[in-house]
There are 2 protein chains.
Amino acid sequence: MTGSPTTPRGRRDRPAKPALTRGGIVAAAVAVLRAEGLEKVTMRRLAQELDTGPASLYVYVRNTAELHAAVLDELLGTIAAGSAQGSPRERLEQVLTAYTTMLLEHPSLARSALTARPSGPHYLNLIESLLGLLDEVGVAPAQAAWGVDLLLQFATATAAEHAGRETSSPAAGGEEWDALAHALHGASDRTHPHIAALTGPLLSGTPGERLSWGVRALINGIERTSVPD
Amino acid sequence: MTGSPTTPRGRRDRPAKPALTRGGIVAAAVAVLRAEGLEKVTMRRLAQELDTGPASLYVYVRNTAELHAAVLDELLGTIAAGSAQGSPRERLEQVLTAYTTMLLEHPSLARSALTARPSGPHYLNLIESLLGLLDEVGVAPAQAAWGVDLLLQFATATAAEHAGRETSSPAAGGEEWDALAHALHGASDRTHPHIAALTGPLLSGTPGERLSWGVRALINGIERTSVPD
DNA sequence: ACCTGAACACCGTTCAAGT
DNA sequence: ACCTGAACACCGTTCAAGT
């Protein structure tokens, strides 16, 4: 009654320990990410979650960075690139915004994606979509090829910038004066005339406005800048 | 003979332990960075270097991230923004290339700069230079203000991407096939026609060519894309 | 008031030894 | 052949207790 002859039985009727697989490890990692953030997605914690020792994970995953990249590719599956509407430029902006928005839910994942790029099926689909849209916009193929990198780097870096202040306090008052904003305000107009003249614009805009402007500036630049040779 | 009455004497005539200051901590951090890389610039290691306990450093530095930002500002002092030559566009490209080149010597510092932006005097000088050059190029002030952010983010992210493979092997053969390159080559032209058609361009270019093209594309986009309101 | 020893609560990765 | 316990070599940060 307690455990079958073919399954190792633990104390009582513990749910059968599933065989370790790469997919199982990544799935557990996604679950921990959603519940507690990337900081908790560690080899030791995952091993605990999967009822084994950390050393066992290294059979399926080269290191922590590779694991994080696999997690990101998994999350990429949740953004629907097909649902964008409007002109090619608008759809391009929508796809990049969706990608950035997803990353903004896990800025520390964006941070690690900058170093350990994903290369899974969902990332490939994203690149394919972007190349298709750039083609529709009329960007020359060679420029589109280099441009995709620029666009993805921008989106990833924009999200990564928010890592660290992830678990920030709910801002006791409203505006959180960061160190750079403070330094810009303090710049003397004798030594730093341009900063002094532009303090407002330097700090203006919501994150959404900045993102949208950045994407448009990038597309405008990409279509007008030819690659060497 | 061993120690003066006003200095605490250790065993033998150990060099007098200098008083702890923020500047001293940052200087020690820069020395360790140069000698052994950012991975070794830890609170514990610095405390050891300064002959005290890690807790003492927290009197002068809020946390590790803030320390890394201070280190970057210090290094920024070594890039001479004034030595650029040529047209404003060329000088702009030179300043950004110098900044990126410096960061590429310490990619992990770039990585942390993305999250904990520096805000020291040298960073302010860099922003001032860039605003001045954008003005000379003829970029509208409001666009220049948002553009500086884009340019610095691009330079920083470009360097940050190289973190991790910092202590990579000297490439046993020549080209190091990373996972993404491999995935792009493997893409089917039925499911990913654009990738299949552009595999060459997607992977072409030296890092230097990519950087230079990126800076030019960014400037072209910034000058042509007006900010909202 | 200022400083810090010691502790708390963790990490990634390796490898010798088991099955 | 495959898997893993235990160890190695570290971390950041806090706080009670000292001077």
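Since this is a predicted model, take the numbers as computed values, not measurements. So that the names make sense, note that chain A is the first sequence line, chain B the second, and so on, each numbered from 1.
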K.L.:
Could you state the atom-to-atom distance from OH of A/Tyr58 to C1' of D/dA6 in whole Å?
P.N.:
15 Å
K.L.:
Counting side-chain heavy atoms from C-beta on, which of C/dC3, C/dC11, C/dT13 comes nearest to A/Thr42?
P.N.:
C/dC11
K.L.:
Rounding to a whole Å, what distance do you find between B/Leu57:CG and C/dC2:P?
P.N.:
17 Å
K.L.:
For the side chain of B/Thr64, counting heavy atoms from C-beta on, which of D/dG12, C/dC3, C/dT14 is nearest?
P.N.:
D/dG12
K.L.:
Who is the Watson-Crick or G-U wobble partner of C/dA9, with both distances under 3.5 Å?
P.N.:
none
K.L.:
Grab the CG-P distance between A/Asp51 and D/dC3 for me, whole Å please.
P.N.:
15 Å
K.L.:
Could you tell me whether A/Glu161 and B/Arg117 make a salt bridge, using a distance below 4.0 angstrom between a side-chain N and a carboxylate O?
P.N.:
yes
K.L.:
From CG of B/Leu50 over to P of C/dT4, roughly how many Å is that when rounded to an integer?
P.N.:
11 Å
K.L.:
Using atom P in both nucleotides, what's the gap between C/dA9 and D/dC8 to the nearest angstrom?
P.N.:
23 Å
K.L.:
In whole angstrom, what separates B/Gln48's CD from D/dG12's P?
P.N.:
12 Å
K.L.:
More 5' along DNA chain C: A/Lys40 or A/Ala55, using each one's nearest nucleotide?
P.N.:
A/Lys40
K.L.:
Side chain of B/Arg44, heavy atoms from C-beta onward: which of C/dC11, C/dT14, C/dA7 has the nearest atom to it?
P.N.:
C/dA7
K.L.:
State the pairing partner of C/dC3; accept Watson-Crick or G-U wobble contacts with both distances under 3.5 Å, and report none otherwise.
P.N.:
none
K.L.:
Is any side-chain heavy atom of A/Ser112 closer than 4.5 Å to one of A/Leu38?
P.N.:
yes
K.L.:
Using atom CD of B/Glu39 as one end and atom P of D/dA9 as the other, report the distance to the nearest whole Å.
P.N.:
19 Å
K.L.:
Nearest whole Å is fine: how far is D/dA9 C1' from B/Arg45 CZ?
P.N.:
14 Å
K.L.:
Taking C/dA16 as the reference, what is the distance to D/dC3 when you measure between their C1' atoms (whole Å, please)?
P.N.:
12 Å
K.L.:
If every non-hydrogen atom of B/Ala183 is compared with every non-hydrogen atom of A/Ser119, which pair is closest and at what distance?
P.N.:
CB-O, 3.5 Å
K.L.:
Side chain of A/Met43 only, heavy atoms from C-beta on: which candidate in D/dT4, D/dG5, C/dT13 is closest?
P.N.:
C/dT13
K.L.:
Using atom types as modelled and distance alone, determine if a side-chain donor or acceptor of A/Thr191 lies under 3.5 Å from a backbone N or O of A/Ala187.
P.N.:
no
K.L.:
Does the distance from a Lys or Arg side-chain N to an Asp or Glu carboxylate O, for A/Glu66 and A/Arg22, drop under 4.0 Å?
P.N.:
yes
K.L.:
How do A/Pro54 and A/Tyr60 order along DNA chain D: which one's closest nucleotide is nearer the 5' end?
P.N.:
A/Tyr60
K.L.:
Rounding to a whole Å, what distance do you find between A/Ile25:CD1 and D/dC3:P?
P.N.:
10 Å
K.L.:
If you only use heavy atoms from C-beta on, which nucleotide in C/dC3, D/dT4, D/dT13 is closest to the side chain of A/Leu20?
P.N.:
D/dT4
